[in-house]
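If you're wondering where the values come from, they're calculated on a predicted model, not measured in any experiment. Just so we're on the same page: letters track the sequence lines, and every chain starts at 1.
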Number of protein chains: 2
Amino acid sequence: MSRRSGILEFAVLGLLRESPMHGYELRKRLNTSLGVFRAFSYGSLYPCLKTLVERGWLTEEHETAAPSQEGERQDRQASLTGRRAKIVYKLTAAGKEHFEELLSHTGPDAWEDEHFGVRFAFFGQTSRDVRMRVLEGRRSRLEERLAKMRASLARTRERLDDYTLELQRHGMESVEREVRWLTELIETERTGRDLEAGDDAVPPPRRPGDAGGRPRHRGGTPPDPSDDTA
Amino acid sequence: MSRRSGILEFAVLGLLRESPMHGYELRKRLNTSLGVFRAFSYGSLYPCLKTLVERGWLTEEHETAAPSQEGERQDRQASLTGRRAKIVYKLTAAGKEHFEELLSHTGPDAWEDEHFGVRFAFFGQTSRDVRMRVLEGRRSRLEERLAKMRASLARTRERLDDYTLELQRHGMESVEREVRWLTELIETERTGRDLEAGDDAVPPPRRPGDAGGRPRHRGGTPPDPSDDTA
DNA sequence: GTTAGCATGTAAGGAGTTACATGATTTT
DNA sequence: AAAATCATGTAACTCCTTACATGCTAAC
């Protein structure tokens, strides 16, 4: 019952697909990697993790155990962690499968504001045609919205005061801007080129590798004096 | 208890301040005038109206007087449920006072994403210094956010795949754009110049001049074949 | 004479938040 | 030794949505 999280569930599965993590770190990642769009609290994260485990999509590994028997402790400050986690969550095969299915399911939800952001964040794990469907779906959704806004504006212009008008103007410009962004992305996908920030002021010094495939990274997670949502 | 709506309550009071309305129209206005930011359904609107009445901020006026040709037909159940009651909601003195207080209360809520949009929509009913506080509060909120995003990006750049990176880049640009917009608005407020008076032919790009507090248009509201949220 | 739009509501529930409660480990 | 941060959780509540239920009135 309950906990049918849409976005949170999706994001958790997606992050855990990349590597196992415990709740605390998961939450930090949620609020930085995808955090522009959404911020989550423990109050929603932990219950969500719980039900994902219940459904068999995650396993818990209590690795805080072993209070008694402890022969060698060479792994303490050896390589990566340094910190030990209490409960490490890990994606099961079923969970992976489920996430894959969610990824390829391009229902009309997929282009709603918040859904779209999270989906985009996991585009690296999707096939190109799914990406295209989502990008185009999102774009036409925004174009619909634009049309309505224009119509509404034409009808009611006289009755609105300057601030309301300015608000609407700015809102429309934002939407137009996102449409242009999407169009660029779609074009990039279509021509099969790699993703490169085009009109940016400061082009990232990064060589884009393979856009179609594996985000394969796992290094030592650095101490990370990470932020919290203010 | 319950129904402590933040945004919806505020918006309803604000719209009713301009003129009395019944629920159906109210909802349309909510979803067009302020609709870029929020969409509300009847399921939240009507209960909200109810509690606002309970608190003495609104009055209901059951429209019963339907002067039709057949004089006997209308008074079947005249007082309470005439013909399918059309209820016009109207702001009371207390409600007006309460709204005024909400307007001038520039707590740290006022610059959160959705709150800000709705507040801005009613800027015409506020004093200049309140407007300034809200605009500047919003801007520094966004600048904080930008700083965090930059820091987080610098820390994690290598671990992110191209799509996540692009998402973050676009998000940051959006925020930067809003900051520039706010800066312009603040400047306009500060210099106090009201650009064009607005009664000449077609002033192309409109800036919010000084609304001075008066949105005093109320004419015959045209039939309005208005849209619904798709 | 039936669809389409106007108009008002309710019950159930979804998706999250806040505030609380607790304790371990590191840093100062 | 105190403060900060890491780490996990729960209960109560908020605010809104969906789906349902009803009925009027204009238009095609």
Atom CG of A:Leu52 and atom P of D:dT8: how far apart are they, to the nearest Å?
15 Å

Pairs under 3.5 Å (N/O, protein and nucleotides 9-11 of chain D):
{"residue": "D:dG9", "atom": "OP2", "partner": "A:Tyr89", "partner atom": "OH", "Å": "3.3"}
{"residue": "D:dT10", "atom": "OP1", "partner": "A:Lys50", "partner atom": "NZ", "Å": "2.9"}
{"residue": "D:dT10", "atom": "OP2", "partner": "A:Lys50", "partner atom": "NZ", "Å": "3.3"}

Taking the side chain of A:His22 as its heavy atoms from C-beta onward, which of C:dG16, C:dA7, D:dA7 lies nearest to it?
D:dA7

Length of the line joining A:Leu45:CG and D:dT8:P, which is rounded to integer Å:
9 Å

Please name the pair of heavy atoms, one in B:Lys90 and one in B:Pro20, separated by the smallest distance, quoted to 0.1 Å.
CG-CG, 3.8 Å

Is it the case that the side chain of A:Thr126 and the backbone of A:Arg131 share a donor-acceptor pair, with hydrogens and angles ignored and the cut-off at 3.5 Å?
no

Are the side chain of A:Arg29 and the backbone of A:Leu15 linked by a donor-acceptor contact shorter than 3.5 Å?
no

Ring centers of B:Phe122, A:Tyr163 separated by less than 6.0 Å
no

Between P on D:dC16 and CG on B:Asn31, what's the gap in Å once rounded to a whole number?
12 Å

D:dC16 C1' sits how many Å from A:Glu114 CD, rounded?
13 Å

Gap between atoms CD and C1', on A:Glu25 and D:dT8 respectively (whole Å):
15 Å

Rounded distance (Å) that lies between atom P of D:dT18 and atom CZ of B:Phe40:
13 Å

Are any side-chain N or O atoms of B:Arg138 and backbone N or O atoms of B:Trp111, one a donor and one an acceptor, separated by less than 3.5 Å?
yes

Can a side chain N or O of B:Lys86 be found less than 4.0 Å away from OP1 or OP2 on C:dA7?
yes

Rounded interatomic separation in angstrom, taking CD from B:Glu112 and C1' from C:dT17:
13 Å

With the side chain defined as heavy atoms from C-beta on, B:Tyr24 is closest, among D:dT5, D:dC16, C:dG5, to C:dG5

A:Leu13 and A:Trp57: which non-hydrogen atoms are nearest, and at how many Å?
CD2-CB, 4.3 Å

